[in-house]
Amino acid sequence: MGKKIFSGVQPTGNLHLGNYLGAIKNFVKLNNESENECVFCVVDLHAITVNQDPKDLRNNIRETVAAFVASGIDPKKNIIFNQSQVSAHSETAWILSCVARMGWLNRMTQFKEKAGKDKEKASVGLYSYPVLMAADILLYDTTHVPVGDDQKQHLELCRDIAQKFNNDFKVEDFFKIPEPLIQKEFSRIMSLKDGTKKMSKSDPSDLSRINLTDDKDQIVNKIKKAKTDPLPLPSNIMDLEKRPEAKNLIGIYASLTNSNLEKSINEFSGKNFSEFKDNLSQVLVDKIIPISEEIKKLLIEEKYLDEILLNGFEKADKIASKKVKKIHEIIGF
Ligand code: TYM
């Protein structure tokens with residue numbers, strides 16, 4: 001039987017190689033397996049948990065759709081839609097926030113990282129954001145959720161919320177318990193400037209990430225400037241453990257060439273970084289430039305992108321509003 005796939009990406013600009021290798025590449029693979037039903041969501045309600053300029057947000061929503069399509073997601077076969085257009089998401093998030101427990105949310109490490117030292121000033125939305133994520137997933141009877149490693153804890157919370165709702169209201173199986181799909185390797189791509197920090201849209205240094213809209217010169221320059229260490233490349237995985245930058249760069253190479261760490265290490269064992277970096281730049285350019293050029297082409301076709309979202313909205317809204325109706329009945333509204 002096919003899988004019911006749901007995943008989301010925030011339209012906060014600077015979609016990067018981490019988003020691509022950790023998530024979008026997997027979306028494309030799943031969308032190519034014909035038996036799967038896939039729903040991909042541009043999660044703008046999640047984006048406003050931190051300040052967004054309205055004009056940038058509007059552009060970034062279209063850019064995220066363009067990135068999906070340019071990477072190989074077929075908008076005819078799958079649902080691509082915008083979270084805020086389907087009101088069931090906000091509504092269900094409220095209901096589920098009455099099911100989720102404070103103690104569960106207090107454990108979320110991403111909130112702690114994002115809120116930083118001044119938790120008092122973080123938005124309430126940033127705190128309750130994993131509940132909205134649970135609503136996204138559960139509304140579509142999702143069986144599998146492809147995400148990067150940083151979303152693992154949020155998915156565990158989603159499973160707990162689903163189970164508690166089913167138990168509290170004695171509706172076994174009403175919410176399907178979703179499985180995370182997190183790749184064993186390369187599910188956490190690190191910053192090019194610091195191999196112990198996640199590659200992130202919000203890093204102030206653009207040199208820390210490869211953006212999906214970068215051109216060839218930018219990619220080559222960023223890899224040239226990427227942090228390394230003075231040793232030649234090692235001959236086994238163990239030797240990579242204390243070398244986070246080397247491990248990250250070889251991991252990126254392995255993922256882009258659909259290989260694994262071991263094979264990629266063997267390929268470059270004993271060589272120096274400059275030779276390896278030339279090869280890495282080349283595979284990055286081969287993979288990212290066609291996507292980058294396609295994104296730029298699609299961004300000119302605003303009408304086409306809006307049409308994709310409208311189509312997606314109609315399909316998603318049908319599924320989600322049916323589920324919300326049932327939730328109302330169960331609760332006693
Ligand atoms: P977001 O927008 O931060 O990231 C989108 C996807 O990219 C993955 N990712 C990474 N993977 C590997 N290495 C990295 N450095 C890296 N950075 C980001 C993320 O794991 C994610 O899969 N809360 C989610 C969006 C969301 C969602 C959902 C996901 C909302 N509702 C329902 C799945 C199901 C988020 O902020 O992703």
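Read the numbers this way: they start at 1 and go in the same order the structure lists the ligands and their atoms. Note: hydrogens, waters and symmetry copies are ignored here, and every other heavy atom, side chains too, is used.
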Does Gly148 reach ligand 1 with a nitrogen or oxygen that is under 3.5 Å from one of the ligand's nitrogen or oxygen atoms? yes
So for ligand 1, is Arg188 a polar contact partner (N or O within less than 3.5 Å, distance only)? no
Please indicate whether Glu262 has more than 12 foreign heavy atoms, meaning atoms of other residues, nucleotides or ligands, lying under 6.0 Å from its CD. no
Would you say Ser7 has any N or O atom under 3.5 Å from an N or O of ligand 1, going by distance alone? no
Side chains of Ser71 and Tyr20: does their closest heavy-atom pair fall under 4.5 Å? yes
So for ligand 1, is His154 a polar contact partner (N or O within less than 3.5 Å, distance only)? no
Does any N/O atom on Met199 come nearer than 3.5 Å to any N/O atom on ligand 1? yes
List ligand 1 atoms under 4.0 Å from Ile137, heavy atoms only on the residue side. 32 (C), 34 (C)
Per-atom contacts, ligand 1 versus His16 - under 4.0 Å to a heavy atom: 17 (N)
Around atom 29 (C) of ligand 1, find the nearest protein heavy atom and jot down its residue, atom name and distance. Gly8 N, 3.4 Å
Partner residues of Glu302 under the salt bridge (charged side-chain N to carboxylate O under 4.0 Å, His left out) criterion, sequence neighbours left out: Arg62
Protein contact to atom 37 (O) of ligand 1 [nearest heavy atom, distance to 0.1 Å]: Gln151 NE2, 3.8 Å
Atom NZ of Lys318 with >12 non-hydrogen neighbours under 6.0 angstrom: no
shortest atom 10 (C) of ligand 1-to-protein heavy-atom contact is with Gly18 O, 3.4 Å
Which of the numbered atoms in ligand 1 are below 4.0 angstrom from a heavy atom of Ser187? 11 (N), 12 (C), 13 (N)
Sub-4.0 Å heavy-atom contact, Met190 with ligand 1: no
Could you tell me whether Asp160 and Arg101 have a side-chain N and a carboxylate O separated by less than 4.0 Å? no
Among protein heavy atoms, which sits nearest to atom 18 (C) of ligand 1, and what does the distance come to when rounded to 0.1 Å? Asn19 ND2, 3.2 Å
May I ask you to check whether Gln282 and Asp286 show a side-chain donor-acceptor distance below 3.5 Å? yes
Ranked by distance from atom 28 (C) of ligand 1, the top protein heavy atom is Met133 CG, 3.4 Å
Polar proximity ligand 1 side, Lys198 side, N/O cut 3.5 Å exclusive: no
Those atoms of ligand 1 less than 4.0 Å from some heavy atom in Ala23: 6 (C), 7 (O), 22 (O)
Is the shortest distance from a Lys or Arg side-chain nitrogen in Arg209 or Asp203 to a carboxylate oxygen in the other one below 4.0 Å? no
Residue pairs, two or more places apart or on separate chains, that pass side chain to side chain donor-acceptor pair (under 3.5 Å) and touch residues 175-193: Asp149-Arg188
When distances are taken from atom 2 (O) of ligand 1, the protein heavy atom at minimum range is Gln10 N, 2.9 Å
Show, in sequence, the C-alpha distance, side-chain angles and deciding distance for Asn272 and Ser274, and conclude whether the side-chain hydrogen bond (donor to acceptor under 3.5 Å, both in side chains) test is met. CA-CA 6 Å; Asn272 59 28; Ser274 70; 3.3 Å; yes
Check the orientation of Phe169 and Phe165. Use parallel for under 30°, tilted for 30 to 60°, and perpendicular for over 60°. tilted
Of the choices Asp136, Ile189, Val9, which has the non-hydrogen atom that lies closest to atom 31 (N) of ligand 1? Asp136
For atom 19 (C) of ligand 1, which candidate among Asp203, Asp150, Val147 provides the closest heavy atom? Asp150
Salt-bridge test for Lys297 and Glu294: reply yes if a basic N is under 4.0 Å from a carboxylate O, no otherwise. yes
Assess the pair Tyr140 and His89: is the distance between their ring centroids shorter than 6.0 Å? yes
